[in-house]
Amino acid sequence: MKSFLLRGKKPIIKWGMLPNETYFEGNTPEGFSLAVVPSEGYIVVDVDRHGDEDGFNHIPFSLEEELKNTLNYSTKNNGSHFWFKYTGNKPLGNKASGKSIDLRTHRGYVVWYPEVDVRSVMHLVNNTSE
């Protein structure tokens, strides 16, 4: 895992070149956001709400409990990020579904909205069911 600053939606550094376990320390300056790259083997399900598009309408009922019970937090547009340790064996990549649900892996990043250090809550990340 690693973290770095964004200005708007743009990284202020070449984040792919940051070594793993490199973290921005301290308070996020005004006008910036904190981005987090999940460690390899972890995924983030990014559910968005934009205008009339609501990714929550596309989540199967059978997955709602699993999403609720892992590390998750609200995003600025009332969406959510759901963190999981991926236990499957299919290779995953960063994907947009077209249904306002995106997948982020160690080759992507998400904005970190909680006001706690990401490292302090990783114990709340559950394994995927498949």
S.K.: To the closest 0.5 Å, what do you measure between OG (Ser33) and CZ (Phe24)?
M.R.: 11.5 Å

S.K.: Say whether, by atom type as modelled, one donor and one acceptor occur between the side chain of Ser80 and the main chain of Val47 under 3.5 angstrom.
M.R.: no

S.K.: Kindly indicate whether the side chain of Val36, heavy atoms from C-beta on, has any atom under 4.5 Å from the side chain of Tyr23.
M.R.: no

S.K.: Checking Thr128 side chain against Thr87 main chain: does a donor-acceptor pair fall under 3.5 Å?
M.R.: yes

S.K.: Identify, with sequence neighbours excluded, every residue that meets side chain to side chain contact (heavy atoms under 4.5 Å, CB included) alongside Ile12.
M.R.: Leu5, Arg7, Phe32

S.K.: Check whether any side-chain heavy atom of Asn77 lies under 4.5 Å from a side-chain heavy atom of His50, and answer yes or no.
M.R.: yes

S.K.: Going by heavy atoms in the side chains, are Leu103 and Ile43 under 4.5 Å from each other?
M.R.: yes

S.K.: My understanding is that only residues two or more places apart in sequence, or in another chain, count here; which of them pass side-chain hydrogen bond (donor to acceptor under 3.5 Å, both in side chains) with Lys9?
M.R.: none

S.K.: Mind checking the CZ-CG spacing from Arg49 to Asp54? Nearest 0.5 Å is all I need.
M.R.: 4.5 Å

S.K.: According to a 4.5 Å side-chain heavy-atom criterion applied to Ile, Leu, Val, Met, Phe, Trp and Tyr, with indirect links allowed, do Leu92 and Val37 form part of one hydrophobic cluster?
M.R.: no

S.K.: Are more than 12 heavy atoms from other residues, nucleotides or ligands located less than 6.0 Å from atom CD of Glu115?
M.R.: no

S.K.: Using the rule that two of Ile, Leu, Val, Met, Phe, Trp, Tyr join whenever any of their side-chain heavy atoms come within less than 4.5 Å, decide whether Val44 and Leu6 are in one cluster.
M.R.: yes

S.K.: Determine, using the 4.5 Å side-chain heavy-atom cutoff (strictly less than), whether Tyr113 and Phe84 are members of one ILVMFWY cluster.
M.R.: no

S.K.: Which residues pass the side-chain hydrogen bond (donor to acceptor under 3.5 Å, both in side chains) test with Asp117, sequence neighbours left out?
M.R.: Arg119

S.K.: If you compare all heavy atoms of Gly108 against all heavy atoms of Pro38, which two are closest, and at what distance to 0.1 Å?
M.R.: O-CD, 3.6 Å

S.K.: What residues form a ring pair (Phe, Tyr, Trp, His ring centres under 6.0 Å) with Phe4, not counting sequence neighbours?
M.R.: Trp15, Tyr109

S.K.: Not counting sequence neighbours, list each pair that qualifies as a salt bridge (Lys or Arg N to Asp or Glu O under 4.0 Å) and has a residue in residues 81-97.
M.R.: none

S.K.: What's the spacing between Ile59 CD1 and Ile101 CD1 if we round to 0.5 Å?
M.R.: 4.5 Å

S.K.: Using modelled atom types and a 3.5 Å cut-off, is there a donor and acceptor pairing between side-chain atoms of Asp46 and backbone atoms of Val110?
M.R.: no

S.K.: Between Leu71 and Tyr86, is there a shared hydrophobic cluster once you connect ILVMFWY residues whose side-chain heavy atoms come closer than 4.5 Å?
M.R.: no

S.K.: Can you run down the salt bridge (Lys or Arg N to Asp or Glu O under 4.0 Å) pairs that involve residues 101-112, sequence neighbours left out, and say none if there aren't any?
M.R.: Asp102-Arg104

S.K.: Using only heavy-atom distances, determine whether the side chains of Glu40 and Tyr42 contain a donor-acceptor pair under 3.5 Å.
M.R.: no

S.K.: Find the distance between CG (Leu63) and OG (Ser129) and round it off to the nearest 0.5 Å.
M.R.: 6.5 Å

